[in-house]
Structures are given as C-alpha cells and as structure tokens.
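This report concerns only the one structure given below.
All values below come from the heavy atoms of this structure, side chains included, with hydrogens, waters and symmetry mates left out. Below, chain A is the first sequence line, B the second, and so on; all start at residue 1. Computed from a prediction, not measured in an experiment: that's the story for all the values here.
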Amino acid sequence: MSARPGTGRRTLFLCGLGALCAWTLVPIYLIALGAIGGPGLISRWPKPFWPEGSSLAALRYFLDIAGVWSATLYSVEAAVLCMALSILLGIPAGYALARFAFRGAVAFRLMVLMTRAFPVAILALPLTVGFIRLGLYDSPVGVGVMHTTLALPFAVLVSASLFQAIPHEFEEAAWVFGCSRVTAFLRVVLPLALPGIAATAIFAFVISWNEVFAASVLTVRHRTLTAYLLSVLAESPLHVQFAGGFLLIVPSVLFIFLVRRHLFAMWGIASK
Amino acid sequence: MADIVIDGIRKAFGPVVALESVSLRIADGEFLALLGPSGCGKTTLLRIIAGLETQTEGRVLIGGRDVSDLPPRKRGLAMVFQNYAVFPHLTVRENVAFGLRMAGADAVRVDRQVARAAELLHIEPYLTRYPAQLSGGQRQRVAVARALAVEPAVLLMDEPLSNLDALLRLEMRAELKGVLQSAGTTTVYVTHDQTEAMGLADRIAVLHSGRIEQIDTPAALYRHPRTRFVGGFVGSPPMNFLTVQTASGQTMLDGLTLAAPGRERVVLGVRPEDLEPAESGLAFTVRVAEPMGSHTLLTGEALGQPVRIVAPSDWRPAPGERMFVRPRPDRIVWLDPETGAALEEHLA
C-alpha cells in the first residue's frame, strides 16, 4: 500500500478485500453451518449466524460410515502418487523447456496443454479397458496415474516459468565456481525454485484430492474419498452430505494454510 | 598464476560469425581489457575462455594446459558477472565461500580466505546478510570477493562496473585496480567503456565486428591507433579525421604544409587536444563551444569536415568565429582513406 491513499481508494481497497474474503469464506461457512447445524437447519432460511443446537453429530455420523477411512487412505495414496509423479516428471520437462532451445519446443508446449483438451468422459472406456489389461484397474495407483495426466501439464508449464524466472547467470556462476550441471541445479537452481515447486506439488495433490469423475470410473471397491462419497452420500440425509463436503474441504485448506509462507516467499523472489 | 593463450578462436552462431580467428596471448599476471562496442564479440570471447560458450574452431590454453574442451569448473578460473549473479539464497559469507566449498577446502582454509577476501573488499559488516539486503555497490563487492576468495589463476570480468552509478563506478574502479594489482592475478576484463579500459588495463585489445583491431598498452593505443576505428573508439572526444589531397609527398592545409605519405589522398588523424592555436595554419570555424571546466570543447569545421578541439579552459570563442590551428607534428597519424589502416611508414 502507498503511504497515504485517499479515502476513496481506501474504501475501494477494503471493499475489494471484503468481496475477495467473502468469495472464499462464505461457501465454506455455509457448508460448515450445514455440517454442524443438524438436520433442522438445512432447510431453514434465513439461517442464523451461529446455530443454537450445534453438534458434531453429523460429522461423527459421517466418519462412522463404513469405508470412509479406507477411502480416505486411498485418496491420500492416489494424491501422493500424483504429486510425486507430477514433480518427478514435470520438473525435468519444465527445466528443459526453460533452458534449452530444442527442435519442437513450441510444439511440445502446445502438446502438453492439448492433453487437457480431451474430456475424461470420452477417454473413460478405453482407459478402463487399458487399465484392466495393465492390472491398474480399481487401485489407488491407477487413479494416481490417471490424476497425474491431469496435473502434469500444470506442473510442466508452471515449473518452466519458475526456471525461466531464475537468471541463467546464477547457474553459470555456479559452474564457474566448481559445480557440474547437476550440482549447480541442486545447489543453486533448486533452492531458488523450491517455493514454487512446493506450490506446484500442492496443486497436484489438490487436483487429485478433488477429482471425482475419473476416480469413479476407474474404481469399484477401492474408491477414493470423493468417488466413494459420491456413491454413498447420494442416499444420505442432506446434513450428512454437508458434513462430508466440509471434511473434504478441510485438508485442502489446511495444506494451503501451512505452505502459505512459502507461497509468499515465491513472490519475493519473482519480484526481484 | 597462469598465462592465457587464445589460438585461432572462431565462433559462429549459425550463419552469424561472432568471432573470426582471434589469437592473442595474455601474460601471467597481466591485466588485459577487451574493449569494443556492443556486438563486437568481446563478451563471447570471454565466455569462450570461461567455458560457458563453445568455440567453433581454435584452442584456449591456460597455464600451458589445453582447456578447450573442459567444463568451466575444471579451468581454474573465477568470474565476475555483469549483473553480479550473487546467489540470493545464500548469505554473503556463504556466497564468498561458495567456490572454496565446492573445491572441498577444509574449514580453516575457507575461514581464512573468506576473511581475507572480505577484508580486501570491505564487506566484513555484511557477511551474515543476504544479498537482497545489500545495495548494488555492495553486491558488486560480494561478487568480486567471491571470485578472489578462491585465489584463482585467472580472473574474468564481464562489464563488472556497468550497473553502478557514475560516482560509485569511479570509486570502485580505483579500488579494483589496487586490489588486483596486489593479488597479481591474470585478469581479462570486458568493457565497452574506453576510460575504464584505459584506467585499469596493462594492455587493451580493441575488438570490432569479431576481429581484434589492435592490442597495445593504453598509451600506445591512444597515441598510435592502427586503424581509423581504434582512433575513433578510444579517446573521448574521439580522434579527428581529415581527408586531404597530397602532391609530391606533401599536403597543403590552408596555410600549412605538411610532409605526407606519397599517395593521392590520405586521412590525417589527430587528437582534439593535439590541435594547437597558431597565427596561421589550418582554418577552423567554431560552431559550438562547450566550457567543461577543465577545458573548453570546441566543435566546428576545417576543410569542410567536422573537427573537435580540446582547448584551454580560458578560451571562449564565439560561435562562427574563425581561428587557425596547427596539429602537433609528432602526434599526427596518417591513414589509408579506403581501408582505414594506419600507413606504417609514418608510425613512430
């Protein structure tokens, strides 16, 4: 903020800030209200700011649904696999795009994005058949691999721009002062890109965590949480559905909250 | 310590030739400046010496060892980059120690050499800070300290002062010269600023479109430019060039007769401060007079060609005024009007 903004600008700034906060917080608040307010509150309007008869009964009921915990475990497995594969494949690809002028770099960039142009719905049948043949069908590994294809384009393009933002001279200085290409990358480039890489990893995790469709198609018994809830909650009362939704949001929000410092650090480097 | 031999280095970027067959030898402990306008290939040559760029042809020898195909880390050199390239994620101390740590030096040696380099460049107060907390001048010092800490045989500098403001540049230049003289390191220094090259270097190599035009001491380069380009590029204001007609080994400049090479037309080169006022001689018409404090810079015409004169500061001729000047005879350079090359028979 500048030192002394005019009152008009200040009001505008605060309004914007309020709108931005509301955009994120109101939905979360409403879901939370539905989750802890009990069955009676769901259909009431206007809603009270704080539910008088609040209870964690719905949340507990939800957690007691058979299979929720194992589904959570599958979700985490798939998301971690997706995160790891996106980083392991995405970072070298991003680095290559950022640092080397190779034949077909532009085409490669486009192709990376093109993978997102095919709707999963169309690919569902061939994917299922292929996964059954490979023995990946109905396993968190299969879901993780599928989610990697969704997260990888972002990982490649985001890390490419990350590496592009790191001046080449840093690497050259490292080479001159005794580093090989690999040690220069590990000692100089990687530490500088780390906040951005962490953000990319979290993004991949969240993509996998939130994905429903592919997970529903590719699993039958070993469903990830979202896919499991989709099939189970359809028959549950509304406030239990809210409880499920609320508990799904919590990990993502917590994750982002924990790494927010690194995300800001990334901006610090980018603005230099 | 080591000497550097550059043997027939050629560099082409696709169809664009950046360097064509450059050869030169830099003595052990010598300070050589690579001087030239942007795009002349000076930075490319430095990067080839460093191993950051691969030559198309030719060899680089450092201390008698052929390093042409070695990666930068195996060449035994240090480098100061134009925008410093001080690692932002390391403290000043770790930046300065970086080369030593990579070389596997023990803690005692790291501490000793870091302390020495830090003392030499007066950065001890900032050792625990991060580069983001330093000013441009301080970062510059860190970059030089990092290079000196490894006690390299060869130090390469790529326009290290170009990002500093004018006053700081002057201060840093003098300091750099002192530090490097005491270190005795073989230094190659790239710059487009001729005063920087003149002030710092033992010898200057002037590059022009991928070729070395001349290598000489600053004084010789200034006094006896071997080409018209060198005369025009080195020295501020640049050398005056007058195309004159000659007859039977003489040329007539208004009221002045000079012995000249036996050609029909030649170019007379003379420095602005080597044109002295006289009773008779070359007629000079003042167009602009700029009082610079230490001298007055006169811009005008003689023989219908543009001429600049550095005159004593008490001279204040009015625009349009006509006066006579004579070039100091021992300071004249004769050049070929077609090739721009100095005519050897008249070089001192």
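Looking at B:Ala143, neither its backbone nor its side chain comes within 4.5 Å of chain A, counting heavy atoms on both sides. For chain B, the nearby parts of A:Ala174 are the backbone and the side chain; heavy atoms of each come within less than 4.5 Å. Heavy atoms of B:Arg47 lying under 4.5 Å from chain A belong exclusively to its side chain. Of the two parts of B:Val80, neither the backbone nor the side chain holds a non-hydrogen atom closer than 4.5 Å to a non-hydrogen atom of chain A. Looking at A:Ser180, both its backbone and its side chain come within 4.5 Å of chain B, counting heavy atoms on both sides. Both the backbone and the side chain of B:Ala78 come within contact range of chain A, judged by heavy atoms closer than 4.5 Å.
Donor-acceptor pairing under 3.5 Å is recorded for the side chains of B:Gln82 and B:Ser162. The closest side-chain donor-acceptor pair between B:Thr191 and B:Asp193, if any, does not fall under 3.5 angstrom. In the model, B:Glu196 has a side-chain atom that pairs as donor or acceptor with a side-chain atom of B:Tyr189 under 3.5 Å. Side-chain N/O atoms of B:Arg141 and B:His122 include no donor and acceptor closer than 3.5 Å.
Looking at every heavy atom in both residues, B:Tyr84 comes nearest to B:Arg146 through O-NH2, 3.1 Å.
A 6.0 Å sphere centred on NZ of B:Lys74 holds no more than 12 heavy atoms belonging to other residues, nucleotides or ligands.
The most heavy-atom pairs under 4.5 Å with chain A, out of B:Ala147, B:Ala50, B:Gly104, B:Gly51, come from B:Ala147.
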